[in-house]
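Comments concern the structure below.
The chains referred to below are lettered A, B, ... by the order of the sequence lines, with proteins before strands, and numbering in each begins at 1.
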Protein chains: 2
Amino acid sequence: MNSQELKKAGLKITLPRMKVLQVLEKSTPHHLSAEDVYKILMEEGNDVALATVYRVLTQFEEAGLIRRHNFEGGHAVFEMEQGEHHDHLVCVKCRQVTEFMDEGIEERQIEIAKNADFVITDHSLTIYGICHRCRDNVFKQD
Amino acid sequence: MNSQELKKAGLKITLPRMKVLQVLEKSTPHHLSAEDVYKILMEEGNDVALATVYRVLTQFEEAGLIRRHNFEGGHAVFEMEQGEHHDHLVCVKCRQVTEFMDEGIEERQIEIAKNADFVITDHSLTIYGICHRCRDNVFKQD
DNA sequence: GTCCGTGCAAAGGATTTGCATAATC
DNA sequence: GATTATGCAAATCCTTTGCACGGAC
């Protein structure tokens, strides 16, 4: 139930918040921009102002319910917090995002930060490239 | 001589381009935003329009002379292309950027992309945190 | 009923663009 | 002298904010 998560986060249960949360959960592990969320809500007939989507997403991020990523290319994308950290493979053609996690890399990062006398607050590793589907379909439009 | 680099990149030698290039080279390996470059030029008495700075930076990036990074927090930063790849430690307090490079991590990334049947075009690893100076100076303003 | 949340429209910051002028080759 | 670059201002994109109204508790 979504209302549980909202309450736990100290946020009042409102329709816009419930709806935005549903959209994000439904599309896990996809990565949606504020605009994406807004469009999906519109298509579903749930009229929520874009400004509200932004506000709600920001609140969710502060509450630790979701995560914001600033990949290259302008707009931020959001995904449900999945408990465990992971990194991303982003296809520069179709924009599809795949997740991965590598213990070795994680350990090395901690090591590097320690050596630099640096307290890690966050880290993001993103590999940009062309996914196998886009490579196979060079002549088609995805 | 900067004009060499510009010519090699197929760009006409103009004052704004020379000046922007000088600023970037002078501050290597610092990371400057378009606004930063603009302000430095202004302080030096070199009046270049902000729009021109953006245009020139974009051209330099396309020519492979410089590199653009979109760290978290809004605006892009640029640095001279230094031939060899490296990653970044970004202090979330003072915004200072430190560079590092780890062979083990690089190899793991290639491995991961291979397993995902993904052709790497680029990759960026950024560790966000608090540098030792900011940690020591918690009560002062940097 | 009080307080917080929402919608709307306007503001905001970073970056881009159209157009006339000015510079390079 | 032809073509490309620049300056300026306006436009654009993504995101945030002020304010009056509506809804949650």
Please write out each protein N/O paired with an N/O of nucleotides 3-5 of chain C under 3.5 Å, distance rounded to 0.1 Å.
unit_1: C/dC4; atom_1: O4'; unit_2: A/Lys12; atom_2: NZ; d: 3.0
unit_1: C/dG5; atom_1: OP1; unit_2: A/Arg17; atom_2: NH1; d: 2.9
unit_1: C/dG5; atom_1: OP1; unit_2: A/Arg17; atom_2: NH2; d: 2.8

**Study point:** Worked verdict on A/His75 versus A/Glu35 for side-chain contact (heavy atoms from CB on, under 4.5 Å)
**Key:** CA-CA 9 Å; A/His75 58 302; A/Glu35 189 83 35; over 6 Å; no
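- The side-chain hydrogen bond (donor to acceptor under 3.5 Å, both in side chains) test applied to A/Ser33 returns A/Asp36, not counting sequence neighbours.
- The salt bridge (Lys or Arg N to Asp or Glu O under 4.0 Å) analysis of residues 14-27 of chain A, with sequence neighbours excluded, yields the pairs A/Lys26-A/Glu44.
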Exercise for review: Check the pair A/Phe78, A/Val37 against side-chain contact (heavy atoms from CB on, under 4.5 Å), reporting the backbone distance first and the verdict last.
Suggested key: CA-CA 9 Å; A/Phe78 300 82; A/Val37 172; over 6 Å; no
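- Here B/Phe71 contributes atom CZ and A/Asn70 contributes atom CG; the two are 12.0 Å apart, rounded to the nearest 0.5 Å.
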Atom pairs, protein N/O to nucleotides 18-20 of chain C N/O, distance under 3.5 Å:
unit_1: C/dG18; atom_1: O6; unit_2: B/Arg55; atom_2: NH1; d: 3.3

Point to revise | Steps toward side-chain contact (heavy atoms from CB on, under 4.5 Å) verdict (B/Leu32, B/Ser27) | key: CA-CA 8 Å; B/Leu32 305 177; B/Ser27 58; 3.2 Å; yes
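- The stretch residues 78-91 of chain B participates, sequence neighbours left out, in these salt bridge (Lys or Arg N to Asp or Glu O under 4.0 Å) pairs: B/Arg67-B/Glu81.
- Through side-chain heavy atoms spaced under 4.5 Å, either directly or across other Ile, Leu, Val, Met, Phe, Trp or Tyr residues, B/Ile105 is tied to A/Leu89, A/Phe100, A/Ile105, A/Ile112, A/Phe118, A/Ile120, A/Leu125, A/Ile127, B/Leu89, B/Phe100, B/Ile112, B/Phe118, B/Ile120, B/Leu125, B/Ile127.
- End-to-end axis angle for the helix from C/dG1-D/dC25 to C/dC25-D/dG1, using five pairs per end and rounding to 10°, comes out at 30°.
- Between the P atom of C/dT17 and the CG atom of B/Leu50 lies a distance of 14 Å, rounded to the nearest Å.
- In this structure, NE2 of A/His75 is placed 16 Å from C1' of C/dA14, rounded to the nearest angstrom.
- Nearest-nucleotide assignment on DNA chain C puts the 5′-proximal partner with B/Val77, out of B/Val77 and B/Lys7.
- Every ring pair (Phe, Tyr, Trp, His ring centres under 6.0 Å) that A/His86 has, sequence neighbours left out, goes to A/His88.
- Heavy atoms of A/Ile13 sit under 4.0 angstrom from primed sugar atoms or phosphate atoms, though from no base atom.
- Rounded to whole Å, atom P of C/dA14 lies 8 Å from atom NZ of B/Lys39.
- As a member of the Ile/Leu/Val/Met/Phe/Trp/Tyr network built from side-chain separations under 4.5 Å, B/Leu15 groups with nothing else and remains a singleton.
- Mapped onto DNA chain C by nearest heavy atom, B/Glu35 and A/Val48 fall at different nucleotides, with A/Val48 at the one closer to the 5' end.
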Check your understanding: Do B/Val97 and B/Val77 pass the side-chain contact (heavy atoms from CB on, under 4.5 Å) test, and can you show the C-alpha distance, the side-chain angles, and the key distance before you say yes or no?
Key -> CA-CA 10 Å; B/Val97 179; B/Val77 294; 5.7 Å; no
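- At C/dT15, one or more side-chain N or O atoms of B/Tyr54 fall inside 4.0 Å of OP1 or OP2 (strictly under the cut-off).
- Applying the salt bridge (Lys or Arg N to Asp or Glu O under 4.0 Å) definition to pairs two or more places apart or across chains, those involving residues 100-117 of chain B are A/Asp102-B/Arg108, A/Arg108-B/Asp102, A/Arg135-B/Asp117.
- Nucleotide C/dT16 holds its C1' atom 14 Å from the CD atom of B/Glu61, rounded to whole Å.
- For DNA chain D, the outermost nucleotides in 5' to 3' order that have an atom under 4.0 Å from a heavy atom of chain A are D/dC14 to D/dC25.
- Residues passing the ring pair (Phe, Tyr, Trp, His ring centres under 6.0 Å) test with B/His123 are B/His85, sequence neighbours excluded.
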